[in-house]
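Take a look at the structure set out below.
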Amino acid sequence: MNIFFAINRTYIQHLCVAMTSILVNNPDAYMHFNVISNDLDDDGKRKLEKLKKYYGNFDITYFEVEGTKFENLKLNIGYISQQTYYRYIIPELVSDMDKALYLDADLIVNQSLKDLWETNVDGYYAAGVRDTYIKDIGYAPKIGFGSNDLYINAGVLLLNLKKIREDDKVKELFDNTQKFSDIIEYQDQDIINMTFKNKIKELPLIYNYTFRDVISNGKEKLDDAVIVHFTGNKKPWDYYFATGNPAEYLYFKYLQKSPFKTSVLKNKLKKIKTFIFSKFKNGNKRRIKILGIKINYSKKRKNAIKVGLLVDEFFGGAGTAFGGYGFLARHYIAKYIPCHEIEMDLLLGFSSNLQKTKIDNINAYRLPKNKSLAKKWLKKQKYDVFLSVELTSSSYQILKLDNQKKRLVLWVQDPRPWYEWREINTVKLFPETCYWDTPVYEYVNYMHYLNKVRYITQGYFLEDKARDLYRLNNDVTMQYLPNPISTDNSFNIHTYPKKNHIIFLGRIESVKRGWLFCEIAQRLPEYEFFVLGQTFREKSKNSEIMNKYKNIKNLHFIGHVEGEEKNRYIKDAKILVNTSIHEALPISFLEALSFGTLLVSNRNPENLTSKFGIWVGTVLGDGFDKIDLYVNAIRQIINNDEQRQQKAFDAIQYIKNVHNVEKFVVDLRNVLLEEANR
């Protein structure tokens with residue numbers, strides 16, 4: 001097998017680990033490794049050659065390239081170097097070679113490569129694995145790809161070198177890099193996909209398995225992966241404690257089998273010592289993980305930290321609205337996060353005078369409108385850190401009063417850049433009130449400039465939207481912290497008698513387009529439809545529209561429901577229909593999936609709808625012309641009960657693995673403690 005890597009000398013260790021993993025899992029194959037670099041010295045080569053003390057089934061050829069040829073090619077991703085473009089020239093480096101496998105050096109091969117290598121690529125320039133991240137964030141159309149066109153991750157490429165040479169594609173790769181430099185965001189990966197478009201063969205997911213795939217499919221499917229790829233800027237070797245990637249142990253597994261074992265272990269232990277010392281000094285409590293070993297350490301803080309939770313809705317508490325922000329704040333953050341180390345107050349906005357109420361055993365305040373009085377009160381409260389679910393106008397006004405500029409933990413829940421509002425504004429039947437607020441977004445940018453913001457988010461696909469909304473650089477990192485969902489362990493999808501019920505779960509307002517749900521019910525009289533939700537904002541206009549549908553016999557308006565009553569409706573239903581023109585990652589999706597209720601929607605956050613239901617595609621405007629898309633999807637799910645049952649089971653496992661409350665509590669408490677002690 002002819003395998004190529006392109007690196008700079010800082011990646012010698014990681015390349016060696018990748019090569020080790022290949023040799024361990026392919027003992028009966030002979031590997032011809034080809035290393036392309038512009039700065040690999042003799043010392044680096046000696047380190048790679050040490051592998052021959054352990055394994056004999058390989059040889060190495062080194063290619064030194066002239067870096068100036070690549071100097072003017074676009075680099076806009078902070079953790080990716082110029083060497084990423086070296087894969088362009090592989091066909092020219094080996095004119096007598098017809099096929100080669102290119103691999104990034106930040107990956108592990110955990111099974112045999114035989115089947116991958118023997119994949120037939122006749123008629124194609126390359127074969128690769130579809131990049132689900134690119135699909136989920138809706139990026140591909142920006143570079144001329146349709147929503148279903150194949151766009152691959154370029155970290156694993158089975159290359160048809162002969163055809164690339166015959167069609168002079170190397171020159172085209174360089175030409176296109178210059179030609180499209182103003183529009184590409186993912187550098188050489190974009191160009192490879194654009195230049196090879198319609199001539200790339202799709203490979204199974206197991207050949208380029210990323211952190212996102214682990215999260216989507218569960219840890220138990222990780223063992224099926226042939227190649228595990230540590231994409232993104234969080235690498236196992238960079239962090240003192242766990243990155244959160246369940247696959248990170250594989251890097252250290254093969255590190256132990258490589259010539260770097262001893263030196264790296266010593267270095268890591270030194271870092272652990274320094275890290276633990278600094279945290280003891282700050283009186284913090286954490287758990288770290290290195291080389292597969294979990295270490296708990298703590299030092300009692302004299303006083304609990306004090307957190308100000310900034311929201312303007314609390315799921316009905318103190319007369320506030322019912323919605324996803326408030327549900328998260330009330331039923332998870334305020335309920336589970338306070339402990340002996342963390343005190344929490346709820347800050348709901350302003351009133352004529354200071355108002356204090358008790359909601360679910362948490363103190364809730366509305367600050368006085370008088371700025372001087374509000375400042376004095378905030379100073380007296382001595383909050384160590386603020387936590388905000390997104391940032392609303394009232395929460396922004398409270399933050400502005402904080403003269404000390406305490407740190408802000410910003411939960412990225414539903415960022416809406418202007419292009420999102422353009423889509424929302426295509427609704428004409430009852431336009432959504434636009435609450436775009438430039439001062440709020442500029443204030444986040446200002447706080448970021450002061451290094452006072454830490455970002456956490458419930459969805460990977462929201463990161464770029466937040467960067468766009470707050471005008472942040474592409475290298476700004478956000479910690480993935482999934483929205484928690486309480487699961488009923490006694491619920492058994494195989495024995496529970498679900499009914500032909502379809503539910504709508506959410507507020508009745510313009511952006512939700514509840515009228516489409518009613519129209520769908522009217523066309524499917526054989527099924528029962530339930531509207532679980534009520535109007536809050538602009539109640540009269542919303543009610544006027546929905547009242548037109550009150551006489552449909554199979555359509556039931558239940559109103560707002562909570563607790564066991566809501567769970568019963570979700571358990572009984574086979575499908576949740578979401579017709580919103582805009583969504584982030586709705587809690588209603590996660591609640592439905594926790595009971596094996598599948599999704600039908602025109603929104604596909606984190607690819608959940610297509611994975612656990614049917615995504616009907618983008619539906620803009622009032623949506624009346626697209627009702628048949630939902631109708632057909634509902635019939636397709638209900639008429640294929642065996643497939644529905646399997647997807648329902650997988651959905652429940654996904655929620656338990658990814659959105660579990662226990663992990664949420666540990667992670668968010670740690671974030672707040674870290675920020676309070678900075």
Side-chain angles (χ1 to χ4, degrees), residues 3-23 33-51 60-90 93 102-109 153-156 186-189 210-211 227-241 243 245 247-248 250-272 274-275 290-291 473-475 477:
I3 301 178
F4 282 77
F5 299 94
I7 65 161
N8 61 41
R9 60 185 175 191
T10 64
Y11 249 59
I12 285 293
Q13 172 189 310
H14 318 311
L15 171 59
C16 189
V17 173
M19 291 166 63
T20 300
S21 69
I22 293 170
L23 296 170
F33 294 127
N34 302 269
V35 181
I36 314 172
S37 182
N38 70 321
D39 65 352
L40 189 58
D41 55 21
D42 290 341
D43 182 59
K45 293 176 182 177
R46 278 194 296 271
K47 289 176 179 176
L48 292 178
E49 297 291 342
K50 285 183 180 179
L51 272 171
I60 307 177
T61 299
Y62 301 98
F63 294 94
E64 185 173 348
V65 301
E66 178 55 58
T68 55
K69 183 176 182 178
F70 302 87
E71 283 180 352
N72 295 323
L73 301 185
K74 182 174 182 178
L75 288 173
N76 65 309
I77 302 176
Y79 57 89
I80 296 181
S81 64
Q82 179 194 86
Q83 285 74 21
T84 192
Y85 286 103
Y86 290 2
R87 70 193 85 185
Y88 282 5
I89 62 172
I90 293 173
L93 294 175
Y102 169 83
L103 299 177
D104 279 351
D106 59 346
L107 54 73
I108 292 298
V109 172
N153 179 288
V156 176
Y186 294 93
Q187 304 174 164
D188 58 303
Q189 179 168 286
T210 68
F211 185 13
I227 299 176
V228 178
H229 191 181
F230 300 108
T231 54
N233 64 334
K234 289 187 175 182
K235 310 297 185 185
W237 55 83
D238 286 339
Y239 288 79
Y240 302 150
F241 47 90
T243 64
N245 187 343
E248 66 178 359
L250 289 171
Y251 176 83
F252 298 107
K253 172 183 175 180
Y254 291 105
L255 174 67
Q256 305 309 302
K257 300 176 184 291
S258 80
F260 281 85
K261 173 182 178 181
T262 304
S263 60
V264 172
L265 182 58
K266 288 180 180 177
N267 187 38
K268 284 291 182 181
L269 290 174
K270 182 179 179 182
K271 287 184 177 181
I272 292 172
T274 304
F275 179 74
I290 198 71
L291 301 180
N473 293 333
N474 288 333
D475 60 355
T477 59

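These values consider heavy atoms only, across backbone and side chains, with no hydrogens, waters or symmetry-generated copies. Sequential numbering from 1 along the given sequence is applied to the chain's residues.
- What you find for Y11 and A105 is that their closest heavy atoms are CD2-CB, 3.7 Å.
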* Candidate pair V228 and Y251, rule side chain to side chain contact (heavy atoms under 4.5 Å, CB included), full reasoning -> CA-CA 9 Å; V228 178; Y251 176 83; over 6 Å; no

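- Here the shortest heavy-atom pairing between I7 and D39 reads O-OD1, 4.4 Å.
- For K45, the NZ atom counts as densely surrounded, since its 6.0 Å shell holds more than 12 non-hydrogen atoms of other residues, nucleotides or ligands.
- Here the side chain of Q189 pairs a donor or acceptor atom with the backbone of A154 at under 3.5 angstrom.
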* **salt bridge (charged side-chain N to carboxylate O under 4.0 Å, His left out) between D42 and R46, intermediate numbers included** => CA-CA 6 Å; D42 290 341; R46 278 194 296 271; 5.1 Å; no

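- By the salt bridge (charged side-chain N to carboxylate O under 4.0 Å, His left out) test, K253 is found to be paired with no residue, residues two or more places apart in sequence or in another chain being considered.
- N473 contributes no side-chain N or O that, together with a main-chain N or O of D475, makes up a donor-acceptor pair within less than 3.5 Å.
- No donor-acceptor distance shorter than 3.5 angstrom exists from the side chain of K47 to the backbone of Q13, with no hydrogens or angles considered.
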* Go through the steps for N34 and L93 under the test side chain to side chain contact (heavy atoms under 4.5 Å, CB included), then give the verdict. => CA-CA 10 Å; N34 302 269; L93 294 175; over 6 Å; no

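- The nearest pair of heavy atoms linking L107 to G155 is CD2-O, 4.0 Å.
- The existence of a salt bridge linking D104 and R87 is confirmed by a sub-4.0 Å separation between a basic side-chain nitrogen and an acidic carboxylate oxygen.
- Here the CG-OG distance, from L23 to S258, works out to 11.0 Å after rounding to the nearest 0.5 Å.
- A pairwise comparison of heavy atoms in F4 and I36 identifies CD2-CD1, 3.9 Å as the closest pair.
- Here the closest non-hydrogen pair linking N8 and S37 is CA-OG, 4.0 Å.
- Between H14 and W237, the ring-plane angle classifies as parallel under the 30° and 60° cut-offs.
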* Show your reasoning for whether side chain to side chain contact (heavy atoms under 4.5 Å, CB included) applies to L103 and I227. => CA-CA 10 Å; L103 299 177; I227 299 176; 4.0 Å; yes

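- A heavy-atom distance below 4.5 Å is found between the side chains of I22 and F33.
- To the nearest 0.5 Å, atoms OG1 (T210) and CG (N153) are separated by 7.5 Å.
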* To do: I would like to know whether N38 and E66 meet side chain to side chain contact (heavy atoms under 4.5 Å, CB included); could you show each step before the answer?
  => CA-CA 6 Å; N38 70 321; E66 178 55 58; over 6 Å; no

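- Taken from CG in D188 to OH in Y86, the straight-line distance is 12.0 Å, to the nearest 0.5 Å.
- The closest side-chain heavy-atom distance from F211 to E248 is not below 4.5 Å.
- In this structure, CZ in F5 is found 6.5 Å from CE in M19, a value given to the nearest 0.5 Å.
- With sequence neighbours excluded, no residue forms a ring pair (Phe, Tyr, Trp, His ring centres under 6.0 Å) with F63.
- In this structure, CD1 in I12 is found 7.5 Å from CG in D41, a value given to the nearest 0.5 Å.
- Put simply, CZ on F70 and OG1 on T84 are 10.5 Å apart, with the number rounded to the nearest 0.5 Å.
- Among residues two or more places apart in sequence or in another chain, the side chain to side chain donor-acceptor pair (under 3.5 Å) test is passed with E49 by K52, Y62.
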